[in-house]
Every structure is written in C-alpha cells, then in structure tokens.
Engineer: 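My questions all concern the structure below.
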Amino acid sequence: MKASSTDIEGIIVLEPKVFGDERGFFFESYNLKTFAALGIDDSFVQDNQSSSSRGTLRGIHYQVRNAQAKLVRVVSGEVFDVAVDLRKSSPTFGRWFGLNLSAANKLQVYIPRGFGHGFAALSDTAEMLYKASDFYAPEHERCIRWDDPVLAIEWPVAGERIISEKDARGSFFREADLP
C-alpha cells in the first residue's frame with residue numbers, strides 16, 4: 001500500500017496495490033499490520049455504507065465526544081470527499097482537504113479524530129464504505145454548513161444540490177460547537 005501525506009497533518013491518502021487480470025481485480029483495503037506500519041493505529045469498531053445520488057452533499061459532520069477517525073473509500077461511482085481540520089491547536093485549524101474518490105481510482109483517505117467530514121456525489125450514484133474508530137453517538141453529532149463562507153470549500157458540483165434538512169440547518173464555522 002502506498003501512503004501519501006497531505007498538506008494537513010494527519011490526513012493520509014492510501015493507494016492499494018491492485019492485482020488484476022482478465023477475471024477482475026483484488027486488493028487489500030485494510031490490514032492492521034500494514035496500517036500500523038504507516039502510523040495508523042486506530043482500532044475500527046464500526047463499518048458504514050452510504051449511497052447517494054448525483055448532486056447530494058453530506059456534511060460537514062463530526063462528533064464533539066466519541067470523536068471518530070475514519071477510513072473512507074468508494075465502491076461504486078465517484079465522490080468529492082472533504083475533511084476539515086477542527087483541532088483548535090492545529091496550525092491548519094479551519095483548513096480543508098478534498099480529493100476525488102472513486103471505484104475506478106480505488107483511493108482511500110484516512111481522516112483522524114478532530115476533523116469534520118463531508119462529501120458530494122459526482123456520479124449518478126455513489127456508494128461509500130467507511131470504517132469508524134468509535135461508535136456513532138447522535139447526541140454528540142454536530143454539523144457545519146457545507147457552504148460556510150469562512151471554510152470556502154470548492155465543491156465541484158454543478159447544478160442543483162441535494163441537501164438534507166439536518167445539513168441545511170448546520171452551524172456556521174465561527175459559531176460551531178467544536179470538540
């Protein structure tokens with residue numbers, strides 16, 4: 001597995017070694033020993049799957065308690081995936097990192113605790129799988145608006161966006177209840 005650091009400390013883009021032939025392909029998406037050797041020592045306790053239609057924007061979600069590290073990948077379609085640094089003591093506090101994840105590129109992104117997470121579906125449908133290092137705790141979940149002017153995330157989504165009522169009511173970054 002190839003690991004690439006990003007300009008925000010802690011976020012790691014992972015490219016698996018893919019073995020393919022006329023039958024299809026195989027790759028290892030997670031191996032405890034491999035990840036530990038890369039400095040990722042989280043124990044993942046929950047696997048999640050979501051499906052979204054083109055133009056759907058989800059997030060920016062995080063938990064103020066029971067913070068979750070995430071390992072995110074796409075198994076069908078394509079998304080623009082975003083992580084926002086919410087660590088108040090970080091030199092990159094308030095900055096975001098985004099990349100396209102797709103079934104075709106097979107990239108994964110590791111997002112440590114202390115980040116908000118969101119994504120936009122770029123294909124007709126997109127299915128994502130992600131591991132979480134702590135259990136979902138709805139009482140501790142918070143949301144920052146996807147269109148917050150301070151964050152100024154450059155979402156590559158043209159046309160009408162599909163946003164849940166919960167996400168539309170998200171807080172602006174400067175007023176958000178941060179971990």
Side-chain angles (χ1 to χ4, degrees), residues 1-16 29-30 34-35 37-42 44 46 48-50 52 54-64 66-75 77-123 126-134 141-158 161 163 167 170-179:
M1 180 151 318
K2 179 182 174 187
S4 302
S5 59
T6 66
D7 60 349
I8 298 180
E9 184 181 344
I11 297 177
I12 302 170
V13 177
L14 301 155
E15 183 178 354
S29 61
Y30 177 76
T34 302
F35 276 60
L38 295 172
I40 301 171
D41 59 0
D42 286 293
F44 295 105
Q46 183 175 318
N48 302 310
Q49 181 169 349
S50 72
S52 301
R54 183 185 301 274
T56 296
L57 272 129
R58 298 184 187 265
I60 304 296
H61 300 150
Y62 62 98
Q63 294 185 170
V64 292
N66 305 90
Q68 298 174 311
K70 294 179 181 176
L71 179 62
V72 182
R73 67 188 180 108
V74 171
V75 295
E78 182 175 15
V79 306
F80 181 68
D81 198 73
V82 171
V84 177
D85 191 347
L86 302 178
R87 303 169 297 177
K88 294 176 184 174
S89 62
S90 170
T92 54
F93 173 69
R95 286 189 36 206
W96 62 273
F97 172 80
L99 80 161
N100 285 32
L101 299 176
S102 69
N105 70 21
K106 297 175 183 49
L107 295 176
Q108 300 182 90
V109 64
Y110 168 74
I111 304 167
R113 288 172 182 85
F115 283 78
H117 177 250
F119 64 90
L122 303 178
S123 52
E127 288 195 36
M128 297 181 69
L129 297 176
Y130 57 99
K131 294 183 169 304
S133 65
D134 207 337
E141 182 183 34
R142 303 293 185 271
C143 177
I144 295 172
R145 290 181 57 97
W146 64 275
D147 60 349
D148 182 273
V150 172
L151 297 179
I153 298 170
E154 298 170 14
W155 298 100
V157 179
R161 295 173 172 99
I163 299 161
D167 288 352
S171 299
F172 285 101
F173 180 70
R174 289 199 170 124
E175 289 85 37
D177 178 17
L178 299 177

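One-based numbering along the sequence shown.
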Engineer: Give me the atom names and distance for the closest heavy-atom approach of L151 to V84.
Structural biologist: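 Minimum heavy-atom separation between L151 and V84: CD2-CG1, 3.8 Å.
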
Engineer: Give me the atom names and distance for the closest heavy-atom approach of K2 to S4.
Structural biologist: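 Taking every non-hydrogen atom into account, CE-OG, 4.1 Å.
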
Engineer: Donor-acceptor pair, distance only, cut-off 3.5 Å: does the side chain of R54 make one with the backbone of L122?
Structural biologist: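 Pair found, side chain donor or acceptor close to backbone of L122.
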
Engineer: Have S133 and R113 got a donor and an acceptor in their side chains that come within less than 3.5 Å?
Structural biologist: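 Yes.
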
Engineer: Do I144 and Y62 have side chains that approach each other closer than 4.5 Å (heavy atoms only, starting at C-beta)?
Structural biologist: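 Of all side-chain heavy-atom pairs linking Y62 with I144, at least one is under 4.5 Å.
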
Engineer: Between W96 and I60, is any pair of side-chain heavy atoms under 4.5 Å apart?
Structural biologist: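 Of all side-chain heavy-atom pairs linking I60 with W96, none is under 4.5 Å.
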
Engineer: Apply the test side chain to side chain contact (heavy atoms under 4.5 Å, CB included) to residues I40 and L14: give CA-CA distance (whole Å), side-chain angles for both, the deciding distance (0.1 Å), then the verdict.
Structural biologist: CA-CA 11 Å; I40 301 171; L14 301 155; 4.3 Å; yes

Engineer: Please examine the side chains of D147 and I163, heavy atoms only from C-beta on, and report whether any two atoms are closer than 4.5 Å.
Structural biologist: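 SC-SC contact between I163 and D147 ruled out.
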
Engineer: Once rounded to the nearest 0.5 Å, what's the spacing between atom CG of D85 and atom OG1 of T92?
Structural biologist: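 Answer for the CG-OG1 pair, D85 versus T92, is 3.5 Å.
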
Engineer: Could you tell me which non-hydrogen atom of A67 sits nearest to which non-hydrogen atom of D134, and how far apart they are?
Structural biologist: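 Taking every non-hydrogen atom into account, O-CB, 3.7 Å.
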
Engineer: Decide yes or no for L101 and L99: does some side-chain heavy atom of the first lie under 4.5 Å from some side-chain heavy atom of the second?
Structural biologist: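 They are in side-chain contact.
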
Engineer: Taking the inter-plane angle between the rings of H117 and Y130 on a 0 to 90° scale, is it parallel (under 30°), tilted (30 to 60°) or perpendicular (over 60°)?
Structural biologist: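 Tilted: the ring planes of H117 and Y130 meet at 30° to 60°.
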
Engineer: Supply the atom-to-atom distance T6 OG1 to Y110 OH, rounded to the nearest 0.5 angstrom.
Structural biologist: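 So the OG1 of T6 and the OH of Y110 are separated by 12.0 Å.
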
Engineer: Provide the closest heavy-atom pair for D177 versus R142 in the form atom of the first, atom of the second, distance.
Structural biologist: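 Closest pair (atom of D177, atom of R142, distance): OD2-NE, 3.0 Å.
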
Engineer: With a 6.0 Å cut-off (strictly less than), is the heavy-atom count around CD of E154, excluding the residue itself, greater than 12?
Structural biologist: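 Not buried by this count: 12 neighbours or fewer within 6.0 Å.
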
Engineer: So with a 6.0 Å cut-off around CD of Q46, is the heavy-atom count from everything else above 12?
Structural biologist: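 Yes.
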
Engineer: Going by the rule ring-ring contact (aromatic ring centres under 6.0 Å, His included), which residues pair with F172 if we only count those two or more places apart in sequence or in a different chain?
Structural biologist: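 Result, ring-ring contact (aromatic ring centres under 6.0 Å, His included) vs F172: none returned.
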
Engineer: If you measure from CD1 on I12 to CD1 on I111, what distance do you get to the nearest 0.5 Å?
Structural biologist: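 Here the interatomic distance stands at 11.0 Å.
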
Engineer: Name the orientation class of the two ring planes belonging to F173 and F93 (parallel below 30°, tilted from 30 to 60°, perpendicular beyond 60°).
Structural biologist: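 Ring orientation of F173 relative to F93: tilted.
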
Engineer: So D42 and K131, do their side chains get closer than 4.5 Å, heavy atoms only?
Structural biologist: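 A side-chain contact is absent here, since even the closest heavy-atom pair is not under 4.5 Å.
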
Engineer: Is it the case that the side chains of R58 and S52 hold a donor-acceptor pair, with the cut-off being a distance below 3.5 Å and no angle test?
Structural biologist: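 Side-chain D/A pair, S52 to R58: present.
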
Engineer: Nearest heavy-atom pair of G55 and V157: which atoms, and what distance?
Structural biologist: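 For G55 versus V157, the nearest heavy atoms are CA-CG1, 3.9 Å.
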
Engineer: I'd like to check V72 versus V79 (side-chain heavy atoms, cut-off strictly below 4.5 Å). Are they in contact?
Structural biologist: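 They are not in contact (no side-chain heavy atoms under 4.5 Å apart), so the answer is no.
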
Engineer: Return yes if some donor-acceptor pair links the side-chain N/O of E15 with the main-chain N/O of L107 below 3.5 Å, else return no.
Structural biologist: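 Pair absent, no side-chain N/O of E15 close to backbone of L107.
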
Engineer: Are side-chain heavy atoms of K70 and F115 found at a separation under 4.5 Å?
Structural biologist: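 In short, these two side chains do not touch, never coming nearer than 4.5 Å.
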
Engineer: What distance do E9 atom CD and D7 atom CG have between them, rounded to the nearest 0.5 Å?
Structural biologist: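 So the gap between those two atoms works out to 11.5 Å.
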
Engineer: For residues A83 and I11, report the shortest heavy-atom separation together with the two atoms involved.
Structural biologist: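 So the minimum-distance heavy-atom pair works out to CB-CD1, 3.7 Å.
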
Engineer: So, does D148 use its side chain to make a donor-acceptor pair with the main chain of R145 at under 3.5 Å?
Structural biologist: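 Pair absent, no side-chain N/O of D148 close to backbone of R145.
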
Engineer: To the nearest 0.5 Å, tell me how far L129 CG sits from Q108 CD.
Structural biologist: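 Rounded to the nearest 0.5 Å, the CG-CD separation comes to 9.5 Å.
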
Engineer: Given 3.5 Å as the limit, does a donor-acceptor pair link the side chain of N105 with the main chain of N100, or not?
Structural biologist: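 Looks like yes, one N/O pair under 3.5 Å.
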
Engineer: Rounded to the nearest 0.5 Å, what separates atom CD in E127 from atom CD in Q49?
Structural biologist: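 Interatomic distance, E127 CD to Q49 CD, rounded to 0.5 Å: 5.0 Å.
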
Engineer: Taking C-beta and beyond as the side chain, do V82 and W155 meet within less than 4.5 Å on heavy atoms?
Structural biologist: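 They are in contact (side-chain heavy atoms under 4.5 Å apart), so the answer is yes.
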
